[in-house]
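So the structure is just underneath, and the comments pick up after that.
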Protein chains: 2
Amino acid sequence: MRSHSAAPRRVPRQQRGERRVAALLDAAAAVIADVGYEAATMNEIACRAGACIGSLYQFFPNKESLTQALRAQYGKEFHTAWESLENQAASLTIEQLVAQLIHTAVDFVTEHPAFLALLDAPRATRNPSIRKVLRELLARIFLLQKPSLSKARALRAAAVTLQLIKGMNELYAESDAATRESLVQEFKIVLRCYLTFHLTPRFGSPESAPTHKPGVAGRF
Amino acid sequence: MRSHSAAPRRVPRQQRGERRVAALLDAAAAVIADVGYEAATMNEIACRAGACIGSLYQFFPNKESLTQALRAQYGKEFHTAWESLENQAASLTIEQLVAQLIHTAVDFVTEHPAFLALLDAPRATRNPSIRKVLRELLARIFLLQKPSLSKARALRAAAVTLQLIKGMNELYAESDAATRESLVQEFKIVLRCYLTFHLTPRFGSPESAPTHKPGVAGRF
DNA sequence: GTAAAATGTGAGAATGCGCTCACATTCCGC
DNA sequence: GCGGAATGTGAGCGCATTCTCACATTTTAC
């Protein structure tokens, strides 16, 4: 690896440039889904996109930048998928909300096999801002369910929820279809219990911090 | 990569052989923790272990086999850490059990930085049997808490719990110490709610399938 | 139509890494 | 001691991969 900048080398300024970039990203997803992240080579990606290697390097100075671009695209698509939930959020039961969140996520991963393979890619290729935007979206959804929630709590719950959803993919991936379905159902329980805790008005302390009282049972 | 077998090339038969293997694994962990999995080279690992590259390849025919060995070691260490919980399990509250499970895991990852970096390693280097053993251990712990639980449910809950715990590490890793602590506390809520659902005797259907009844909502 | 900019091309340079091999050294049983 | 087995050594091979570059082609602007 000789170059280190992850920024695109050149932004496409013509229509065919944009088409190329789109084709390259598609090809990258296909190759990565096929052979895994590590084994996916730049030459093969360019080839599958009907381009040659030089063309690829015009827009993406290195593999890392290509990976980041792919991640960004997935992030936006996923954001769009959840965005529609934001409108209905207030009228959904927790039960329904959980089902929607999980099914959208599961469907997304199913339809984008490369997304899973990207988990193997080095951390350096991740874009924190994508996570941030997704967290904020989910936090807003939570706030629609329970407006009295503090923003800090909503954000924290969103971060954890997002991470749990993401983490489960690994488990789904190594299961056959039947087990996967039961795991999804099981995970619904997890999220339902957790979000019920946060989003349901409770008598005792409606806005108490989630830090449990240490007197009861800390680490004994 | 020319060789593909992941089995150790040669089992150490002398004490110095075992010392070498131990030193090599330690060095591998150190290098991987330092520079990440991908950037960790076999030469550097051998060098850091005070050995030369040929010596490394006597015991580990390729990088994959070294990675698997490291994973196996971590798996065993972690299993040992949780094993002690098995004895106390029956006498612990869910609150305490959750705290123990999580803190053991967090401590382990803190003390073994390479463990996190191994998440970047390709899937091929993972050993399903390690996961299986850990799942069974956790399932036994659950059964000690609630003997009436079916083994299938215990195993499924264990698989999910394990995955959630593992997945959270990624979130911890990208947070400063203060946020990390609050995330740990937050995750305790998740597990407490979830395990309360499974391990607490409920009136309606004590051994009903985990398919929720819409209306009761698990606890709280 | 023409010039300039954007994009396309692909052979191969440059690099770095996994891994081998022929041989030296150390250990162990007898 | 002796012989064989286990272990140690490290220069460098082979190879895949990333990335460059000099030039061709297409598009756009006027």
| note | Between Gln58(B) and Gln14(B), the residue closer to the 5' end of DNA chain C by nearest nucleotide is Gln58(B)
| Given DNA chain C, 5'-ward residue of the pair Asn43(A) and Ala51(A), judged by closest heavy atom | Ala51(A)
| message | Please determine whether a side-chain nitrogen or oxygen atom of Arg20(A) lies at a distance below 4.0 Å from atom OP1 or OP2 of dT7(C). | response | no
| task | Starting at atom CE of Met42(A), determine the distance to atom P of dT20(D), rounded to an integer number of angstrom. | result | 10 Å
| message | In this structure, how many angstroms lie between the P atom of dC23(D) and the CD1 atom of Ile53(A), rounded? | response | 21 Å
| query | How would you label the contact of Ala46(B) with the nucleic acid (heavy atoms, under 4.0 Å): base, sugar-phosphate, or nothing? | reply | nothing
| His198(B) vs Glu186(A), side chain to side chain donor-acceptor pair (under 3.5 Å): CA-CA, chis, key distance, verdict | CA-CA 11 Å; His198(B) 272 304; Glu186(A) 184 78 11; 2.5 Å; yes
| query | Are any side-chain N or O atoms of Ser84(B) and backbone N or O atoms of Thr80(B), one a donor and one an acceptor, separated by less than 3.5 Å? | reply | no
| request: For Gly17(B), report the nucleic acid contact type (base, sugar-phosphate, nothing); a contact means any heavy atom under 4.0 Å. | output: sugar-phosphate
| Under 4.0 angstrom, heavy atoms only, what part of the nucleic acid is Arg13(A) near: base, sugar-phosphate, or nothing? | sugar-phosphate
| Does Gly54(B) or Tyr57(A) map to a spot on DNA chain D nearer the 5' end, using the closest nucleotide for each? | Gly54(B)
| message | If we count only N and O atoms by modelled type, under 3.5 Å, do the side chains of Ser129(A) and Asn127(A) hold a donor and an acceptor together? | response | yes
| Check against side chain to side chain contact (heavy atoms under 4.5 Å, CB included), Lys151(A) and Arg140(A) | CA-CA 9 Å; Lys151(A) 286 192 178 172; Arg140(A) 283 201 304 277; over 6 Å; no
| task | To the nearest Å, give me how far apart CZ (Phe60(A)) and C1' (dC19(D)) are. | result | 15 Å
| Distance-only donor-acceptor test (3.5 Å): side chain Arg10(A), base dT7(C) | no
| message | Could you tell me how far apart Asn62(B) (CG) and dC17(C) (P) are, to the nearest whole angstrom? | response | 17 Å
| said: What contact category does Ser55(A) fall into here, base, sugar-phosphate, or nothing, at under 4.0 angstrom with non-hydrogen atoms? | reply: base
| Without hydrogens or angle criteria, can the side chains of Gln163(A) and Arg131(A) be said to hold a donor-acceptor pair below 3.5 Å? | yes
| Roughly how many Å is it from CZ in Phe59(A) to P in dT9(C), rounded to a whole number? | 11 Å
| Expressed in angstrom and rounded to an integer, what is the separation of Glu38(B) atom CD from dT18(D) atom P? | 10 Å
| message | Rounded to whole Å, how long is the line connecting atom CD of Gln15(B) with atom P of dC28(C)? | response | 7 Å
| For Arg16(A) and dA5(C), what is the distance between atoms CZ and P respectively, to the nearest whole Å? | 15 Å
